[in-house]
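Bear in mind that the values here come from a model prediction, so they are computed numbers and not experimental data.
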Amino acid sequence: MLKRCHPIARLGWFLPVLLLGMLLCHPVLSPAALGAGLLCQGMALGAKSCRTTLGFGLPVILLMGGLNLFFNSRGNTVFLYLNDLPLTLESLLYGLSAGCMAVGMAVWLMLLANSLGRSGLLDLFGGLLPGITMILTMLLRFLPLYRR
């Protein structure tokens, strides 16, 4: 549906989603943005792409939750002491929320790249930044080759 629109309209649709997703690290909104991104990815790219994203995304979410649990001990609900370091439920939840935000924004950026493509980038930025646009276009061309 978005492929028929002008690249400025596509960028105007994705930009608020990306900005709000990056600026709001909320324990409810971040997983909701991830879920909405996975739903859109499933409709646009197929279920196999969603399974691949979840396969890479779940370890990232768990890693960020675990790292925040050990490096940030702020919170009221202490559930374990590890060598006089309180591990709190709030730090675990906010770490998981930050992980959902990171993976969710990766999903939305993947959808933006799929929607715009190389020609959309040239249409948007070709007149303003021709050198950078050419480098980005070449980079997007070689990404599928690296995957193979």
Interatomic spacing from [atom1] in [X] to [atom2] in [Y] - rounded to 0.5 Å:
X	Y	atom1	atom2	value
Ser49	Leu38	OG	CG	9.0 Å
Leu58	Leu63	CG	CG	12.5 Å
Leu18	Leu23	CG	CG	10.5 Å
Cys50	Met43	SG	CE	9.5 Å
Leu34	Ile61	CG	CD1	5.0 Å
Cys40	Met110	SG	CE	12.5 Å

| task | Test side-chain hydrogen bond (donor to acceptor under 3.5 Å, both in side chains) on Ser91 and Thr88 and set out the steps. | result | CA-CA 6 Å; Ser91 63; Thr88 62; 3.0 Å; yes
Starting from [Y], can I reach [X] by hopping between I/L/V/M/F/W/Y residues whose side chains sit under 4.5 Å apart?
X	Y	value
Leu85	Leu80	yes
Val60	Leu54	yes
Leu11	Trp13	yes
Val107	Val17	yes
Phe14	Leu39	no

Minimal non-hydrogen separation, [X] against [Y], with atom names:
X	Y	answer
Met101	Met22	SD-O, 3.8 Å
Ala44	Leu111	CB-CD2, 4.1 Å
Ala33	Trp108	O-NE1, 3.1 Å
Met64	Ala102	SD-CB, 4.0 Å
Leu82	Phe70	CD2-CE2, 3.5 Å
Asp84	Pro86	O-CD, 3.6 Å

| Run the side-chain contact (heavy atoms from CB on, under 4.5 Å) check on Asn68 and Leu96 step by step: do they pass? | CA-CA 8 Å; Asn68 194 47; Leu96 293 173; over 6 Å; no
Strictly distance-based, threshold 3.5 Å: is any side-chain N or O of [X] a donor or acceptor partner for the main-chain N or O of [Y]?
X	Y	answer
Ser97	Leu93	no
Thr52	Lys48	yes
Gln41	Gly46	no

| field | With Leu87, the side chain to side chain contact (heavy atoms under 4.5 Å, CB included) member among Leu69, Leu92, Asn72 | value | Leu69
